[in-house]
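One structure is given below, encoded as structure tokens.
To find a chain, count down the sequence lines: A is the first, B the second, and so on, and within it residues start at 1.
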Amino acid sequence: MALQFFNTLTRRKEEFYTIHPGEVRMYCCGPTVYDFAHIGNFRAYVFTDVLRRYLQYKGYKVTQILNVTDVDDRTIGGSQKQGIPLGEYTEKYKQAFFEDLSSLNIKPADVYPEATAHITDMEALVKSLMDKGHAYENKGSIYFRISSFPEYGKLSHMDISGLKAGARVAADEYEKEEVADFALWKGWDEKDGDVFWETEVGKGRPGWHIECSAMSMKYLGKHFDIHTGGVDLIFPHHENEIAQSQAATGEKFVNFWLHNEHLMVEGKRMGKRFGNYYTLRDLLNKGYNPIAIRYLLLATHHRQQLNFTFDGLEASKNALQRLYDFVDNLKIVKEGKNNPQVDEIISKTTQGFEDALDDDLNVSEALGVVFNLVKDINRLVEDKNISKADAEKVLNLMNGFDSVLGILKREELVLDEQISKLIERRSKAREDKDFKLADQIRKDLEAKGIILEDTPQGIKWKRKM
RNA sequence: GGCGGCUUAGCCAAGUGGGAAGGCAGAGGUCUGCAAAACCUCCAUUCUCCGGUUCAAAUCCGGAAGCCGCCUCCA
């Protein structure tokens with residue numbers, strides 16, 4: 001099967017193709033750094049991470065851009081509230097964001113462009129839209145004239161003529177020719193304080209949408225392969241990006257628009273506005289494993305709403321533990337004859353894994369395939385019907401899969417001396433048939449987060465998740 | 001009101017015309033000093049409901065119910 005993705009633009013699965021042979025250029029809408037990101041936000045980044053990793057698995061050279069929005073109403077408001085410069089305010093959340101990405105084992109993007117570092121690029125884009133008659137100025141602000149772009153609404157499939165001023169329309173809307181027009185450049189306002197740029201398009205700051213057009217085209221070209229984001233961005237953000245970009249360049253902007261559904265909490269979308277969110281930090285502080293959180297976020301198909309529960313997180317942790325045990329058990333396979341069945345299983349599994357992911361990145365199904373492998377191989381291990389070389393082949397396979405899933409990497413476990421001594425003492429106790437003492441030590445170690453298992457291959461220990 | 005999506009076991013979750021994947025939880029068994037891990041067995045005659053099309057429907061069509069999202073700065 002050929003790789004295909006569901007494209008929001010056509011609302012269909014389409015066979016994937018690239019503009020430049022063997023190379024994928026993708027832009028992912030990133031965070032606004034006004035606060036700690038919540039795990040709903042991270043669903044989007046885990047999704048793009050798996051997407052990017054799978055493209056690399058398939059042999060594509062991937063250039064991934066993930067922007068950081070560091071100037072908008074919320075960041076300005078937040079910095080003023082704390083009485084610190086905007087840059088200082090956003091820096092804190094930016095750093096936190098990168099730490100969180102790393103906790104979730106999300107691979108770094110190639111560039112993390114910040115809006116405030118690309119004002120001149122946006123200025124040039126706005127100017128070009130003015131020159132072409134797609135934008136107009138009013139009271140210091142510059143707006144995009146939607147009526148000049150007939151394709152407007154194509155991505156979200158919305159009929160803009162039906163848009164009416166409603167509860168969520170801001171007070172300055174009367175300054176626009178039509179309500180649906182949107183700000184490219186916002187003229188300076190007292191509320192902005194010292195946040196402004198003196199540019200040829202006036203004194204002020206960029207509108208939200210323009211940064212993504214300017215920065216994506218700067219790093220990826222006028223026309224690139226993939227653009228991702230949460231479904232909430234389809235309208236108006238991505239619709240506006242298309243309008244700005246294509247009106248300015250006259251070229252198609254993006255071939256594939258991929259959107260992830262929301263993370264829900266008790267049936268409602270997780271969001272800052274709703275107060276029903278958990279930051280990654282909240283969960284880590286409660287002792288949850290970040291990779292279990294990653295597992296939870298990636299195990300449901302990205303176009304499916306995912307209801308977050310602590311039971312679900314617990315189940316993810318246990319599922320992950322099964323994979324860890326599987327890998328650990330393979331590592332200690334010693335003797336045994338080569339079994340030709342192993343090659344068959346590997347080939348069947350590889351096929352299944354790739355077929356699943358080729359089909360619009362169906363991670364759930366791919367995981368099902370991996371667990372079938374676990375069962376098949378464990379059976380051979382149980383029957384001692386597998387060689388060390390076979391086991392290594394399977395481990396290689398798992399590593400290949402994990403280059404996509406990113407869930408197997410664990411911190412190197414180092415036992416401190418005290419614990420090693422306890423383990424030794426317990427071994428002695430067992431030799432002496434002093435099981436009471438042995439069991440007590442095992443219990444004590446478990447309280448310290450070390451789980452001991454007595455196996456025919458000797459004592460195994462692992463960190464409690 | 002407009003547009004779109006979802007409903008599969010105790011929980012989570014794949015599956016778009018012909019076998020109901022997988023995970024978690026649970027039950028019994030093998031192994032073990034005991035555990036754990038692993039293995040074996042069991043765990044949806046049925047996919048929200050009602051009609052229809054078809055030799056055949058979780059899947060296609062029509063209707064109903066419930067839930068969710070977007071409709072101007074939200075991942």
Side-chain angles (χ1 to χ4, degrees), chain A residues 11 28-32 37-48 69 72-74 153 156-160 162-166 168-170 173 176 179-183 186 207-209 228-237 239-240 259-264 267-274 295-296 299-301 303-307 309 311-323 325-326 328-329 352 356 359 362-372 374-375 378-383 430 433 435-436 438-439 442-443 446 451-456 460 462:
Chain A
R11 289 191 181 170
C28 309
C29 271
T32 301
H38 60 70
I39 52 171
N41 300 126
F42 284 111
R43 185 177 191 200
Y45 311 122
V46 168
F47 160 61
T48 59
T69 301
D72 80 321
D73 290 352
R74 290 171 300 174
S156 53
H157 300 84
M158 296 231 308
D159 181 5
I160 294 313
L163 264 188
K164 291 214 169 71
R168 294 185 63 190
V169 173
E173 298 302 306
K176 304 190 295 195
V179 267
D181 290 351
F182 58 90
K186 296 183 165 189
W208 174 36
H209 317 292
T228 70
V231 288
D232 51 294
L233 298 184
I234 295 170
F235 188 87
H237 184 54
E239 197 71 72
N240 292 353
H259 292 97
N260 62 277
E261 257 298 347
H262 286 134
L263 186 66
M264 317 292 283
K268 298 275 179 215
R269 172 184 162 189
M270 181 178 286
K272 287 274 161 62
R273 290 201 240 133
F274 314 113
Y295 184 98
L296 180 72
T300 295
H301 191 271
R303 284 195 291 117
Q304 200 71 13
Q305 290 178 342
L306 163 58
N307 195 32
T309 62
D311 283 350
L313 186 49
E314 188 70 18
S316 294
K317 184 192 83 176
N318 291 339
L320 195 55
Q321 185 65 59
R322 178 161 163 84
L323 294 176
D325 286 336
F326 173 62
D328 290 344
N329 288 337
D359 183 11
N362 191 336
V363 179
S364 320
E365 195 178 322
L367 284 170
V369 171
V370 171
F371 279 103
N372 282 331
V374 170
K375 180 146 241 158
N378 269 340
R379 186 175 295 144
L380 298 182
V381 172
E382 180 73 12
D383 296 344
R430 287 187 71 221
K433 310 265 184 220
F435 296 120
K436 219 171 193 176
D439 290 350
R442 185 168 61 195
K443 236 176 118 182
E446 194 182 339
I451 295 173
L452 290 188
E453 295 174 10
D454 303 314
T455 74
K460 270 179 61 186
K462 63 189 178 195

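- Between the side chain of A:Arg322 and the base of B:C24, no donor-acceptor pair of N or O atoms lies under 3.5 Å.
- Note on A:Asn318: every side-chain N or O is 4.0 Å or more away from OP1 and OP2 of B:C24.
- For B:A64 and B:A25, the C1' atoms lie 34 Å apart once the distance is rounded to whole Å.
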**Study point:** Full working for side-chain contact (heavy atoms from CB on, under 4.5 Å) between A:Thr228 and A:Asn260
**Key:** CA-CA 8 Å; A:Thr228 70; A:Asn260 62 277; 6.0 Å; no

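- Looking at A:Asp454 and A:Arg430, a side-chain N of the basic residue comes within less than 4.0 Å of a carboxylate O on the acidic one, giving a salt bridge.
- In this model, no side-chain donor or acceptor of A:Arg379 finds a partner on the base of B:C39 within 3.5 Å.
- Between A:Lys460 and B:A37 there is no side-chain polar atom (N or O) within less than 4.0 angstrom of OP1 or OP2.
- Counting non-hydrogen atoms under 4.0 angstrom, A:Lys375 reaches the backbone sugars and phosphates but no base.
- At whole-Å resolution of the value, CZ in A:Phe326 and P in B:A38 are 11 Å apart.
- Rounded to whole Å, the P atom of B:C55 lies 23 Å from the corresponding atom of B:C50.
- Across all strands, A:Gly229 comes closer than 4.0 Å only to sugar-phosphate atoms, never to a base (heavy-atom distances).
- Here NZ of A:Lys462 is found 5.5 Å from CD1 of A:Ile451. Values are rounded to the nearest 0.5 Å.
- For A:Glu382 and A:Arg379, the salt-bridge test fails: no basic side-chain N is under 4.0 Å from an acidic carboxylate O.
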Check your understanding: Taking protein heavy atoms under 4.0 Å as touching, what does nucleotides 29-35 of chain B look like 5' to 3' if B marks base contact, S marks sugar-phosphate-only contact and - marks none?
Key -> ----BBB

**Study point:** Candidate pair A:Asp73 and A:Trp208, rule side-chain contact (heavy atoms from CB on, under 4.5 Å), full reasoning
**Key:** CA-CA 10 Å; A:Asp73 290 352; A:Trp208 174 36; over 6 Å; no

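- The separation between A:Asp73 atom CG and B:C73 atom C1' is 7 Å, rounded to whole Å.
- The side chain of A:Arg43 lies closest to B:A75 when the candidates are B:C73, B:A75, B:A13.
- Comparing atom distances between the A:Arg269 side chain and each of B:A75, B:C74, B:G23 picks out B:C74 as nearest.
- Between A:Glu239 atom CD and A:His157 atom NE2 the span is 9.0 Å, to the nearest 0.5 Å.
- Positionally, the nearest nucleotide of RNA chain B for A:Asp359 lies more toward the 5' end than for the other of A:Cys29 and A:Asp359.
- Between the CG atom of A:Asn378 and the C1' atom of B:G23 there is a distance of 14 Å, given to the nearest Å.
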Revision key, fill the gap. Expected string for nucleotides 4-12 of chain B under the B/S/- scheme (protein heavy atoms, under 4.0 Å, primed atoms plus P, OP1, OP2 as sugar-phosphate) is S-S------

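- The nearest whole Å value for the distance from the CZ atom in A:Phe42 to the P atom in B:A75 is 11 Å.
- Using a 4.0 Å heavy-atom criterion, one finds that A:Phe47 contacts no nucleic acid atom at all.
- Taking atom C1' in both B:G10 and B:C71, one finds a spacing of 38 Å when rounded to whole Å.
- A salt bridge links A:Asp439 with A:Arg442: the distance from a Lys NZ or Arg NE/NH1/NH2 to an Asp or Glu carboxylate oxygen falls below 4.0 Å.
- Within the 4.0 angstrom heavy-atom criterion, no nucleotide atom of any strand lies near A:His209.
- Look at the P atom in both B:A9 and B:U59: the space between them is 15 Å, to the nearest Å.
- If you measure from atom OH of A:Tyr295 to atom C1' of B:A13, you get 10 Å, rounded to the nearest angstrom.
- Residue A:Asp383 is out of contact with every strand shown, counting any heavy-atom pair closer than 4.0 Å.
- A:Arg43 and A:His301 make their closest contact through NH2-O, 3.0 Å (heavy atoms, listed as atom of the first residue, atom of the second, distance).
- Annotated stems with RNA chain B as a participant read B:1-7 with B:65-71, B:10-12 with B:22-24, B:26-30 with B:38-42, B:48-52 with B:60-64, given as range with range, by first number; only runs of 3 or more Watson-Crick or G-U pairs under 3.5 Å qualify.
- In this structure, A:Leu233 places its CG atom 7 Å from P of B:A75, rounding to the nearest Å.
- B:G18 sits 43 Å from B:A36 when the C1' atoms are compared, rounded to a whole Å.
- Expressed to the nearest 0.5 Å, how far CG of A:Leu367 lies from CG of A:Asn372 amounts to 11.0 Å.
- Taking atom C1' in both B:A44 and B:G5, the straight-line distance is 25 Å, to the nearest Å.
- Between B:A75, B:G15, B:A37, one nucleotide has an atom nearer to the side chain of A:Asp325 than all others, and that is B:A37.
- Across all strands, A:Met270 comes closer than 4.0 Å to base atoms (heavy-atom distances).
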**Study point:** Stepwise side-chain contact (heavy atoms from CB on, under 4.5 Å) check, A:Phe326 with A:Val374
**Key:** CA-CA 7 Å; A:Phe326 173 62; A:Val374 170; 3.7 Å; yes

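- Here the closest heavy-atom approach between residue A:Ala356 and residue A:Ala366 is recorded as CB-N, 3.6 Å.
- Between the CG atom in A:Leu306 and the NE2 atom in A:His262 there is a gap of 12.0 Å [rounded to 0.5 Å].
- Distances shown here put every side-chain N or O of A:Asn362 at or beyond 4.0 Å from the OP1 or OP2 atom of B:A14.
- Comparing B:C43 with B:A21, their C1' atoms are spaced 16 Å from each other, to the whole Å.
- A distance of 11.0 Å separates OG1 of A:Thr455 from CG of A:Asp328, quoted to the nearest 0.5 Å.
- Nucleic acid contact for A:Ile451: none, since no nucleic acid atom lies under 4.0 Å from a heavy atom of the residue.
- In this structure a side-chain-to-backbone donor-acceptor pair under 3.5 Å is missing from A:Arg74 to A:Thr32.
- The separation between A:His259 atom NE2 and B:C74 atom P is 16 Å, rounded to whole Å.
- Note on A:Arg74: a side-chain N or O is less than 4.0 Å away from OP1 or OP2 of B:C74.
- The base of B:C73 sits within donor-acceptor range of the side chain of A:Lys186, with an N or O pair under 3.5 Å.
- Here A:Asn329 contributes atom CG and A:Lys460 contributes atom NZ; the two are 3.5 Å apart, rounded to the nearest 0.5 Å.
- To the nearest whole angstrom, the two P atoms, one in B:C61 and one in B:U7, are 14 Å apart.
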